[in-house]
Structure formats: structure tokens, C-alpha cells
A.B. asks: 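Following this message is one structure expressed as C-alpha cells.
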Protein chains: 2
Amino acid sequence: MVGIDEVARAAGVSTATVSRALSGRGRVSAATRMRVEQAADRLGYVVQASASSLASGRTRSIGVLLPLLDPWFFSTVLGGIADALARHGYDITLYVLSNDAGARNAMFGTFLRRQRVDAVIAVSIDLTEAESAALAGLGVPVVRIGGAHRHMTSLAIDDEAVGVLATSHLLRLGHRVIAHIGALPEFDSDFRVPSQRRRGYERALTSAAILPQAELHAASDFTIAGGAAAATRLLEAPGERPTAIFAASDEMAVGAILTAREWGLRVPEDLSVVGVDGHELGAFFRLTSIDQFPREQGVRAAETVLELLEPDPTTHVPPPHTVLPFELVVRGSTAPPPPAPPGQDPLAWQ
Amino acid sequence: MVGIDEVARAAGVSTATVSRALSGRGRVSAATRMRVEQAADRLGYVVQASASSLASGRTRSIGVLLPLLDPWFFSTVLGGIADALARHGYDITLYVLSNDAGARNAMFGTFLRRQRVDAVIAVSIDLTEAESAALAGLGVPVVRIGGAHRHMTSLAIDDEAVGVLATSHLLRLGHRVIAHIGALPEFDSDFRVPSQRRRGYERALTSAAILPQAELHAASDFTIAGGAAAATRLLEAPGERPTAIFAASDEMAVGAILTAREWGLRVPEDLSVVGVDGHELGAFFRLTSIDQFPREQGVRAAETVLELLEPDPTTHVPPPHTVLPFELVVRGSTAPPPPAPPGQDPLAWQ
DNA sequence: CTGAAAGCGCTAACAT
DNA sequence: ATGTTAGCGCTTTCAG
């Protein structure tokens, strides 16, 4: 591997000048810079990360902390982060939090403390007090996606508003018996998002003078299969059958649609379904959904981190909390409820 | 941040001894090691990555190179890698290859050459000659998942055998008109896997004295929606309608099942479908599939890298190429074809 | 604008 | 088994 001194010799300057020319820090004449760059290119010189980091204290790497990898939301956010950081020459160090307590402790107690990253992006993780303290103690900027937090810059959609929007879309269509597929408790501890969406759902119902009923809530796991199972429970339950389902994720919403088909219910004529995320599958299933632009969330988190790291007088300082946009995308899975049954029989409209 | 000298002072030894005690390299008496470990714990000392790397030449980080993030296969493999590496104290530096040529060049020409990683795991990437050379020129072990390659240790299933197995499963059930959903050319350049699966499909047909027909092949993009669209084309095509579809991924297979339902075809009575991957969705759709244990592939790649990095006399040296297992999981989406039509009309069995 | 030189925090010979 | 010490390759004062 060719080192900085070879480049210096080739360009006829000192190593200090090479460092300045290549890093863009400190003044170098245009002519010198050009010579240095050419020499570096010709020799195939790339600065060695560890030496540069040790001397400068900067690593050019961002730690990304994720609770999971396979849900579409997480991998999509990560893709956005990866893309944006790569454009700025930053590497990603990936920390996937396992549910094993020992491994989790090692992440916060050891891995993250190696000073391998200049900043951390934590995606949708509900941190314990100790973990928050550990992150804050790192002495590097931390940007969170999902959920505000003191001591950390955060970007998040207003999940309660999402719940309200989805539910009032259904209310406006005339639905009165609206079910909700939310999260199992263990998912809520990973990312507290679900309980806020549920609160929005209940608030919208209450505003419409409808009492939220426990039987109309089913907890699930954010997968298609889980959503399908939850929908089955909802449809089987005694009492008035829902005419609409608001699922806390598009994947679960797709599951609900599949269940409806199995039951011989037409979507949206017999059952309306609305999801959240903006999943690519939505178009295929003609799913009405609240798009939260996950990839864009990743990009913005990356850009926020970079602004924090390389303050630029021309751009504003990132505010401690940014509210991200979301948008109701009405496709074909929601419509007015079927006409009221002639008798008392809630199944009569079938 | 507390440094090694503070620990040395606290433990009453030299920094060299601290280094040896904590890294496990070189001899240290049990008593000293204990004292050092306690001092380090008490002070919350964690070795600084850049200083350690610069001095030792080891980074304790593995580069993982992926073409994409959201297909279930990739995020699942990555999860396996992350888990296995974390258990051994290694970090992951993530390199997501974009399809932008400039960005791709930067990955190979700059990012990977910063000497930030001790080894590289390249997942299902079809590298150009130049890219292979760049990887080899890194001077670190490279382990590939998917596709053998000279100069690189590789782990892969035999994708042609997968194609043969899937197809002969259908042949054995009595199918004669078997369609295949494969990859669009641009996907094959990312990971050459698809064309091998197709070759296996054709070989199995040929062995059964059936001529592979171009009209029975549809190229797609590995998504559910893409698989559904491909299946639609297959069913619409003139000529004899297939009684079975072999899709090169489970996600496309699920798409095919959904299309069949739309067409009013029962699976498996009217149409059999088989996929590849072992996707968690498979159980839900009762999909017959060839499981290739993606998470396990990630784990094994990680372990192979570690064996290469820390040769252990008790374990064998990793062979240059390891053939990974796969397994036909028969669920409910495959069955014998419908009885032959009474007349010439290929649609009569509907 | 450029060069000389002192580290950055740790590891690995080399001694003892 | 442990200490001493010379770097690892780069960045950054500090001079000029």
C-alpha cells in the first residue's frame, strides 16, 4: 500500500501539504493541490483510515443502530442512510441490536465505545435509560429516527397524527365499526411507535363519539402472516363485525386483505383496509396507505448527522426535533361501508 | 475517554501488560490478567479502535458488500453475518453497491481501500474483472456467498441443482407444461444465480424429453408484484397453458399464487407453484419451496472469515469452495396436474 | 502557502 | 511474566 510520503515525494511537497491538499483542510495553492491530486491518483493512494483517525480524531464513519433488519421499513431506511452517507464519503458501521441481553450490553458497553464512529443514527429504537446514557456518554452526536428524546437530535413522524389520519379517513367514509391491528407488547418496547398510532386511532374514534372497544384491537408482529392472523381474530370475534381495519403497517394491512379474500369478503366493498408505511407492495394490492417515506427518512437522518459533524454557515443548524411528513395515499382498499343491515343481524349484509 | 495508561497505573503494571491481558495475545499470569481486567472494567476502559489498528494492523471489522438491502434474502443473510460477527467481537462496515457507476467505482477505488476492514464478505455480487482485481488487491481475505471464484473463498448452493430439483419435483408429480419465472437481465448481472437456476430447469426438462420453450419463461424482478405480473404473462400467453410454475424466488412464487387466485385457478389443483429461498412467507401461503437457509449462509460466511483471520489448529482450514445445503420443503402449493382435457382444448379442464 | 516535527493511543519486538 | 521503547501513518500546530 502506498503511503503519504510516496505521494509527497512524487509531488515534490511535504507530507503535510499532501494531507492538506487531499483533505481539503487548510490552505493549499490550486497548482499544488492539482499536482498532489494527480500524484495520488497515479499512485493509487488512499488515506489509511486508522492512521488518519488516530491523528485527527475523525473517523469518517457513522454508526447505524437498528433493532432488526428484515422488516421492509428498516432495510429501506438503512438503504437511504447508506446512499446519502456514501455520497459524502462516509462509511457505515452497522450495529444490529439482538434481543439477547448480553449481546445488547456488549453493543453499548463495548462496540460503540471503540471510538470507531463520528456519530450515531439510532433507528426506531426504544432505549432504556442506561442505553440512552451510554449513547450520550459517547461524546458524539446522536440522531434518532422515530421518537423525540432529550439530549438527542431526532426526526420523526407524528405517529399519533398518523393514527388520527388513518382513522378519520375511514370515519369520513362512513365507517363506525373500525378495528385496529397494532403491535404485540414486545414490539412496542423495540420501537414505541405502535402505541402512539393506537392512541391516534382511539382519539379519532372518541372525537366521533365512538367508544374504542378492546375487542376491536388485535396485536400483531408487523408481518403479512401476522396481519392475516390478526384480521382473522378480528373477523371471528363475537359482537359487531368491523367494516374497516386500520393496520399499523402495510405488511399487516396486506395480511388483512388476504384474510378478507379468504373469508369471501370483497375489499373495499365489504371491508376497507388502510395501512401505514408506503410499502412497495401497496400499489400491487391497491392498498390505501399512509406513506411515511422511509427511504427519505434515512436520507434526512444522514444529512442531519453530516450537518452536525461539519457545520456549514450556509445551512441552518439542525433543530433538536424535526417532524417528518407523511401522506395519505388513497388507492382502492377503502370505500364507504356496505349498506346497514336491514335487521339486527350484523352478518346480514354478507 | 480513559486510556490504556490509566488502566496500567490502576493495575500497577505497564501498558504493554494491559494490552496483552486485554487482547489475549502474549502470556500474562492469571493473577495479573484478573487485576487488569478489573481495573479496566472499573474505569470503563475500551480500547480505541484506530490506535489499536494502527499499531497492530488489525481492525476487528469486516466489510460486507451487498448489491441491495430490501430483498428478504439479502437482509436475512446480513442478519446472520451481523449476529455471528458480533459474537466474536467484530464490527461490520457496510458497503451497499449502488447501480450508479460513479458510486460503484468509489466503493472499490476508495471506500474499500481505506484499510478499515480485516476481510470482506461479498454477497451474491457478480463482480467485473476490474472489481474482482480490486478486491483481490486489497490484501485481505475475501469470502463470497453465491458463485465460486478463483482467488476468493466462496460458499454457494448449487443453483443449477436447485433448478433441477424444483423442476423434477414438478415432473415427478406428472407435470409436462412447466413455466419458469426467472430474472430480468439486469438482475442477473447483479448476481448470476438466476441463469443457473434456469439452466437447471431446462436440464431437468430435457432429461424428461421435454423441449424447453421460450414462451414458458418470464423474466421478473424478484418482488411479489413482479412475480404476479410475470405469472399473468405466462397465463395469458398463447399456446398450452402451464400446469405448474417454478419461480426463482419465493417472493415471485407468492406473486404467482396471487395471480392464480385472481384468475380463479386453485393452487395446487389447477396450478402448482414452487419457489426458492425459504422465505418466512412460505408457511403462510403453504408454498412448496427450496429452502436455502439464508441466515445460515450469513453465519457460515462470517465463521469462514474468522477462520481465515484467526487460524485455529483445532479447526480445519476453510476450503476454497464450500457447497451449501438446500432442501425441498413440500407444502401445499404443488400437486399432480389436473386431469388431461377430454378434447384438444387446453382450457377445458377449467 | 508550505515545511518541520511532535504527537495521536496503542502494540510488538526486544530486553530482562 | 513483565517492562522499555520504538514505531504504526497520518494530521496539526508552529515557524517561516
Side-chain angles (χ1 to χ4, degrees), chain A residues 1-37 39-40 43-61 89 110 113-118 139-140 309-310, chain B residues 1-37 39-40 43-61 89 110 113-118 139-140 309-310:
Chain A
M1 284 288 137
V2 8
I4 198 173
D5 43 0
E6 283 188 57
V7 180
R9 219 174 309 127
V13 295
S14 71
T15 59
T17 298
V18 173
S19 174
R20 284 188 282 249
L22 261 27
S23 70
R25 317 187 143 245
R27 274 124 264 296
V28 186
S29 76
T32 308
R33 154 165 294 122
M34 173 139 298
R35 261 188 307 138
V36 170
E37 282 172 350
L43 297 173
Y45 171 74
V46 172
V47 62
Q48 185 179 315
S50 55
S52 175
S53 300
L54 182 56
S56 70
R58 276 170 274 106
T59 66
R60 274 185 110 54
S61 182
T110 306
R113 301 191 59 212
R114 291 179 182 157
Q115 283 157 271
R116 207 191 267 292
V117 299
D118 291 337
V140 302
L309 248 26
E310 304 170 355
Chain B
M1 284 289 138
V2 8
I4 198 174
D5 43 1
E6 284 189 56
V7 178
R9 218 172 314 126
V13 296
S14 71
T15 61
T17 298
V18 173
S19 175
R20 284 187 284 246
L22 261 28
S23 70
R25 317 187 145 246
R27 279 118 270 292
V28 186
S29 75
T32 309
R33 155 166 292 123
M34 174 140 297
R35 263 188 306 139
V36 170
E37 283 172 350
L43 297 173
Y45 170 75
V46 173
V47 63
Q48 185 178 315
S50 55
S52 175
S53 300
L54 182 57
S56 70
R58 278 169 272 108
T59 66
R60 272 185 110 56
S61 183
T110 306
R113 301 190 57 213
R114 291 179 181 155
Q115 285 158 268
R116 205 191 268 293
V117 300
D118 292 337
V140 302
L309 249 25
E310 304 170 355

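Reckoned from all heavy atoms, side chains included, excluding hydrogens, waters and symmetry mates. Letters go in sequence order (proteins before strands), and every chain restarts at 1. Computed from a prediction, not measured in an experiment: that's the story for all the values here.
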A.B. asks: Quick one about B:D5 and B:T15 (side-chain donor to acceptor, distance below 3.5 Å, no hydrogens or angles considered), yes or no?
C.D. replies: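 No.
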
A.B. asks: Donor-acceptor pair, distance only, cut-off 3.5 Å: does the side chain of A:T32 make one with the backbone of A:V28?
C.D. replies: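 Not a single qualifying donor-acceptor pair exists.
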
A.B. asks: With rounding to the nearest 0.5 angstrom, report the CZ to OG distance, A:R35 to A:S29.
C.D. replies: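 The distance works out to 7.0 Å.
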
A.B. asks: Runs of at least three consecutive Watson-Crick or G-U pairs, both distances under 3.5 Å, are what I'm after; which ones involve DNA chain D?
C.D. replies: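 Detected stem regions: C:1-16 with D:1-16.
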
A.B. asks: Just how far is it from atom CG of A:L43 to atom CD of A:E6, taken to the nearest 0.5 Å?
C.D. replies: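 Rounded to the nearest 0.5 Å, the CG-CD separation comes out at 6.5 Å.
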
A.B. asks: May I ask you to test the B:I4-B:S19 pair for a side-chain heavy-atom distance under 4.5 Å?
C.D. replies: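 They are in contact (side-chain heavy atoms under 4.5 Å apart), so the answer is yes.
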
A.B. asks: How long is the span from the OG atom in A:S52 to the CG atom in B:L54, to the nearest 0.5 Å?
C.D. replies: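 The CG atom of B:L54 is 10.5 Å from OG of A:S52, to the nearest 0.5 Å.
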
A.B. asks: How would you summarise protein contacts on nucleotides 9-16 of chain C per nucleotide, using B for base, S for sugar-phosphate only and - for none, with heavy-atom distances below 4.0 Å?
C.D. replies: BBBBB---

A.B. asks: If you round to the nearest 0.5 Å, how far is CD of B:Q48 from OG of A:S50?
C.D. replies: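 Interatomic distance, A:S50 OG to B:Q48 CD, rounded to 0.5 Å: 10.5 Å.
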
A.B. asks: Looking only at atom types and distance, does a side-chain atom of B:S53 sit under 3.5 Å from a main-chain N or O of B:A49, one as donor and one as acceptor?
C.D. replies: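 Yes: the side chain of B:S53 pairs with the backbone of B:A49.
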
A.B. asks: Measuring from A:R113:CZ to B:M1:CE, what's the distance to the nearest 0.5 Å?
C.D. replies: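 The distance works out to 5.0 Å.
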
A.B. asks: Taking atom CZ of A:R116 and atom OG1 of A:T59, what is their separation to the nearest 0.5 Å?
C.D. replies: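 If I round to the nearest 0.5 Å, the distance is 9.5 Å.
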
A.B. asks: Identify the 5'-most and 3'-most nucleotides of DNA chain D with at least one atom closer than 4.0 Å to a non-hydrogen atom of chain B.
C.D. replies: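 Reading along DNA chain D, I get D:dA1 to D:dG9.
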
